Number of protein chains: 2
Amino acid sequence: MIETPNRPRLLIIDDEQAIRRFLHTALDGSEFALYDAEDGHTALAAAATLLPDLILLDLGLPDMDGIEVISRLRELSLVPIIVLSVRDREGDKVAALNAGADDYLTKPFGIEELLARIRVVLRRSQPQVAEPVFSDEDLTVDIAHRRVTAQGNDIALTPTEYDLLRLLVSHAGKVLTHSQILKHIWGVTYLEQPHVLRVNISNLRRKIEANPSRPRHIITEPGVGYRLRVSET
Amino acid sequence: MIETPNRPRLLIIDDEQAIRRFLHTALDGSEFALYDAEDGHTALAAAATLLPDLILLDLGLPDMDGIEVISRLRELSLVPIIVLSVRDREGDKVAALNAGADDYLTKPFGIEELLARIRVVLRRSQPQVAEPVFSDEDLTVDIAHRRVTAQGNDIALTPTEYDLLRLLVSHAGKVLTHSQILKHIWGVTYLEQPHVLRVNISNLRRKIEANPSRPRHIITEPGVGYRLRVSET
DNA sequence: CCGGATCTTGACACTTTCTTTATGATTTTT
DNA sequence: AAAAATCATAAAGAAAGTGTCAAGATCCGG
């Protein structure tokens, strides 16, 4: 077999060939590299050397108790374990989950649900990466931390200025009309009062634009509204 | 004080009072502080200010689609969400899990299984908080030992001051709004009374800041709240 | 019941922010 | 090119937010 170490490794622990074949068919073409083990001892050895990213475990193994397999796996690592079992008794589920399993699916189950639950446990085991941060040239807006930097410096924004910038960021590249912005930040009562918007745009530009009279980020769309520019390429 | 803000907070989102009462009974005496929401909009507002550690969500809400509630919650945070639903169709489960739910339990379910699955998702979400000691410049906060030092000296904090500092530490770098802090430490009844927060921030600064009038650790975000600064690089 | 620590509340000075007004600049229309 | 509309900036008073001190109120262990 050709190793493909880039794909996440999935270890299937089940003594019935029919189940393994079913899972192989179901997961074929998915992003996983599949490995099999037919009994508990083989599985533990495989988990130790293979270091899989996910384990699908049938509780009814010939040589070991399923719960003990989970416990022994947990001594090795925190690899996500999804239990597949014909047993539907609550006690079995609780025991497996308490022993360290991450999920418990009762056979028969749909392949789509299995795939969805696999995605859930992988999502949780992956370190968090995606922070919603807008970045363009010398301007960065970190919504999660409420931090804005321009030309490398932290910028202190007033609440309204920040609300305005956040609104622009959330629609980056698109034009927001005067009335849309006014309605969102000042409410419908200010629809006839566009001055307040201009003043705040001006203040915002003075803080985040290198040259406020020649804005590169907050673009005026004459007669329409404003737009946060997004650089090409 | 009625509130016990140290316990993990569990937000129950369900429009049926019978279910809420059942869950309250089932979870009574558990380690959780329970909060309720009866519709989607209330739930989203509560999640934003309450910062719960876990959410139990019924999909059949009167005012919003359950899947959308999950999506909107996910825009706010990565808080674990367990869906409780009468619908047993695979499509519903897959949609909920893909939208960001961590588990999906079909009613009726056993209370032991629910507790076990709660433990599972909490176990998985723990590593995020696995930083037991905060350290930045001349300030160190050791949560495990409840020890705070500044400029090399041990600092004696009152319970409220320590709770406040711990809350800031657990969200270091992020801005905590006034209402989030007030709800956390003083409970919802103090939402209209931000004064008590200012006094405690002031007292805390006097103890841990080298120059309390020029704070380097507890930063005021005007009009928004406070943030514990984390030095760059 | 007392003493000390802690929490809450009120008062006040201070700072920042918001809104409005005014005026000049720019763009579009006639 | 002139007129009209739109846009940008500065400045000032009003409003809201913030920090600090200090006086009661409350809680707790002896």
Side-chain angles (χ1 to χ4, degrees), chain A residues 146 148 154-166 168 175-179 181-182 184-227, chain B residues 1-6 146 148 155-165 167-168 175-182 184-227:
Chain A
R146 200 191 182 276
V148 178
D154 267 35
I155 306 293
L157 296 180
T158 71
T160 26
E161 285 164 4
Y162 181 77
D163 283 349
L164 181 53
L165 181 58
R166 192 181 48 171
L168 289 167
V175 177
L176 287 163
T177 68
H178 298 130
S179 54
I181 300 174
L182 285 165
H184 192 272
I185 296 181
W186 285 273
V188 286
T189 52
Y190 276 76
L191 273 181
E192 310 297 318
Q193 187 78 354
H195 302 306
V196 64
L197 172 56
R198 297 219 189 84
V199 172
N200 276 275
I201 289 284
S202 176
N203 293 338
L204 199 47
R205 278 177 176 155
R206 189 184 317 132
K207 291 184 178 178
I208 68 173
E209 298 277 2
N211 184 356
S213 58
R214 201 58 60 101
R216 295 185 52 75
H217 298 298
I218 300 178
I219 308 297
T220 300
E221 298 284 349
V224 184
Y226 297 92
R227 178 171 58 87
Chain B
M1 185 181 292
I2 300 172
E3 298 281 331
T4 53
N6 298 344
R146 203 191 182 281
V148 179
I155 305 293
L157 295 179
T158 71
T160 338
E161 286 163 3
Y162 181 75
D163 283 349
L164 180 53
L165 181 58
L167 180 63
L168 289 167
V175 176
L176 288 165
T177 68
H178 300 129
S179 55
Q180 285 175 338
I181 301 174
L182 286 165
H184 252 265
I185 296 183
W186 286 273
V188 287
T189 51
Y190 276 76
L191 272 181
E192 307 298 317
Q193 179 61 289
H195 192 59
V196 63
L197 172 57
R198 294 208 202 92
V199 173
N200 276 276
I201 289 284
S202 177
N203 293 338
L204 199 47
R205 277 177 175 156
R206 190 182 316 131
K207 292 185 178 178
I208 67 172
E209 297 277 2
N211 183 356
S213 59
R214 202 58 59 105
R216 296 185 50 75
H217 298 298
I218 300 178
I219 307 296
T220 299
E221 297 284 350
V224 183
Y226 298 92
R227 178 169 57 87

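Within every chain, numbering begins at 1; the chains are lettered A, B, ... in the order of the sequence lines, protein sequences first and strands thereafter. For the numbers below, each heavy atom of this structure counts, side chains included, while hydrogens, waters and symmetry mates do not. None of the values given here were measured: they were computed from a predicted structure.
Not counting sequence neighbours, the partners of B:V224 by the side-chain contact (heavy atoms from CB on, under 4.5 Å) test are A:R146, A:P159, B:V175, B:T177, B:E221. A:Y226 meets the ring pair (Phe, Tyr, Trp, His ring centres under 6.0 Å) test with A:H178; sequence neighbours excluded.
Atom CG of B:D163 and atom CD1 of B:I185 lie 5.5 Å apart (nearest 0.5 Å). Remark: B:I218 CD1 to B:L164 CG distance equals 6.5 Å, nearest 0.5 Å. To the nearest 0.5 angstrom, A:H184 atom NE2 is 9.5 Å from A:L176 atom CG.
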Q) For A:L165 and A:K207, what are the C-alpha separation, side-chain angles and deciding distance, and is it a side-chain contact (heavy atoms from CB on, under 4.5 Å)? A) CA-CA 11 Å; A:L165 181 58; A:K207 291 184 178 178; over 6 Å; no
Using side-chain contact (heavy atoms from CB on, under 4.5 Å), reason through A:R166 and A:L157 one step at a time and then give a plain yes or no.
CA-CA 11 Å; A:R166 192 181 48 171; A:L157 296 180; over 6 Å; no
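Of the two residues contacting DNA chain D, namely A:V224 and A:R206, the nearest-nucleotide position lying further toward the 5' end is that of A:V224.
In the helix from C:dC1-D:dG30 to C:dT30-D:dA1, the terminal helix axes, each the rotation mapping four pairs' C1' atoms onto the next four within five end pairs, subtend 40°, rounded to 10°.
Here the side chain of A:E209 pairs a donor or acceptor atom with the backbone of A:H217 at under 3.5 angstrom.
At a threshold of 4.0 angstrom between heavy atoms, the contacts of A:Y162 with the nucleic acid are absent. Among the protein residues, A:P194 comes within range of no part of the nucleic acid, since none of its heavy atoms lies under 4.0 Å from any strand.
Across the protein-nucleic acid pair, B:R198 atom CZ and C:dA13 atom C1' stand 14 Å apart, rounded to whole Å.
With a heavy-atom cut-off of 4.0 Å to chain A, the contacted part of DNA chain D has its first and last nucleotide at D:dT6 to D:dA10.
Annotation for A:R227: atom CZ counts as buried by contact number, over 12 foreign heavy atoms lying within 6.0 Å.
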Given protein heavy atoms under 4.0 Å, the one-letter contact record of nucleotides 14-30 of chain C, with B base, S sugar-phosphate only and - none, is simply ---SSSB----------
Give every donor-acceptor pair under 3.5 Å between a side-chain atom in residues 190-203 of chain B and any protein atom, sequence neighbours left out.
| residue | atom | partner | partner atom | Å |
| --- | --- | --- | --- | --- |
| B:N200 | ND2 | B:V196 | O | 2.9 |
| B:N203 | OD1 | B:R206 | NH2 | 3.3 |
| B:N203 | ND2 | B:V199 | O | 3.3 |

